[in-house]
J.: 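Shown below is the structure under consideration.
Since the structure is predicted, the reported quantities are computational estimates derived from the model, not experimental observations. Sequential numbering from 1 along the given sequence is applied to the chain's residues. For ligands, and for the atoms within them, numbers begin at 1 and follow the listed sequence.
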Amino acid sequence: MKALKSKNRLSKSPKKRNLNDLFEKGKGFIESINPSENVLLIHHTDVDGYCSGAIFLAGLKRIDKNIKIEITAAANEEIENLVKSEDVKSYNKIIILDVDVSYLKKEFENFEGQTLIIDHHSLRVDLNADKIVYINPRFENEEIYQPTSYIVYKFLSSIVDLKDLEWLAVLGTIGDYAFEDCKDLLEKWVHVEKKKDVIKTDFWKVSKMVYGTIIIEARNVIEILIESENLSKLKSNPKVISAYSKFEKAYNGVEKEFWNKAEKIDNIIISVITPTLKRMGSALLNDISFENEDKFIILLERRGENFKVHSRYQSGKIHLGKLMEKCCTLGGGGHRHAAGGSIRTSDFEKFKNCIISNVSNLT
Ligand SMILES: [Mn+2]
């Protein structure tokens, strides 16, 4: 029964679609917006999400300055709450950037208005329908890695001139650590040969500053991005500098805690932290993993009775999603290079043994 089920799911994997055709469908969505309508623009809470939100907001205003747009940052949980509530009825159009909402297909189909979703996460279902446009570069190539800022920039540039905002597309793209599949855009702005050298660029540094600013004072980040004009103005913005220094202070404390408690077993590094700020754990773990590409890093965050588990292994030698699915006692999963889950604090030893025995089988 189980095997049959998964087979069915595989046979339903979305059929290929051409990105230009999806852009055409998206153009239709944009052209149908009129100033009497209420538009809600939702973007993800990371740097790629904010940069795509900023480009989109500025782009829509250029297309028609009378369009009424409300903009907000959100992740899955908030979007789910919104589409399941009565509040959703006050909008005619919803635009979602950089969040995988494919599990909310039914809710978006029931929404009376129209929805435009631009995302770059792995495809699960094809959300495209009469009232839904779903643009994702993975319809052309399942393995392609082109962040939402890159796609939003390409898409809106086919409608309106956004040349002066190209640097924001680069910032979001680099914030998501993309390189190979975005070279046509990046090569004008960053001069590095290899992906790993991206972390030496100013764009990388500023993307860290923006991330810190989002965490410390998320409210004005879109305005700051749009008004900055260029990377060096953003870098020297007093609000960004002050927010980032607060973020760094907290970050440094957590980093110290990570290494103090770190346990090293072969090429595995595992540690437990108690973060003081939201999303600090994954930010720290990303940085540690980029600096230790040959190490498999696991970070646990204490959450009451449970640990939230985050893991990264940039080498890609092990599929972390599958490993986390197997070892996280309260559920886990994710991608090859990045995955997570939850365990009870009392299951820590069991979890660790599961990781060790599976990793030694795989390497
Ligand atoms: Mn992204």
J.: Is R336 reaching over with its side chain to a backbone N or O of G316, donor-acceptor style, under 3.5 angstrom?
T.: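 Such a contact is found between R336 side chain and G316 backbone.
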J.: Where do K208 and D287 land on the salt bridge (Lys or Arg N to Asp or Glu O under 4.0 Å) test, with the steps shown first?
T.: CA-CA 10 Å; K208 298 281 134 201; D287 292 347; 3.0 Å; yes
J.: Starting from the Mn ion (ligand 1), look over the N/O/S atoms of D98 and name the nearest one.
T.: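 Nearest N/O/S atom of D98: OD1.
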J.: Check for a donor-acceptor pair, side chain of S271 on one end and backbone N or O of F258 on the other, with a separation under 3.5 Å.
T.: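 At least one qualifying donor-acceptor pair exists.
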J.: What is the name of the N/O/S atom in D176 that sits closest to the Mn ion (ligand 1)?
T.: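 The closest N, O or S atom of D176 to the Mn ion (ligand 1) is OD2.
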J.: Confirm or rule out an N/O/S atom of H120, from backbone or side chain, lying less than 2.8 Å from the Mn ion (ligand 1).
T.: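 So H120 does bind the Mn ion (ligand 1) by this criterion.
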J.: If I consider every N, O or S atom in D48, which one ends up closest to the Mn ion (ligand 1)? I only need its name.
T.: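 The nearest such atom is OD2.
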J.: Measuring from F29:CZ to I132:CD1, what's the distance to the nearest 0.5 Å?
T.: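 Going from CZ on F29 over to CD1 on I132, the span is 11.0 Å.
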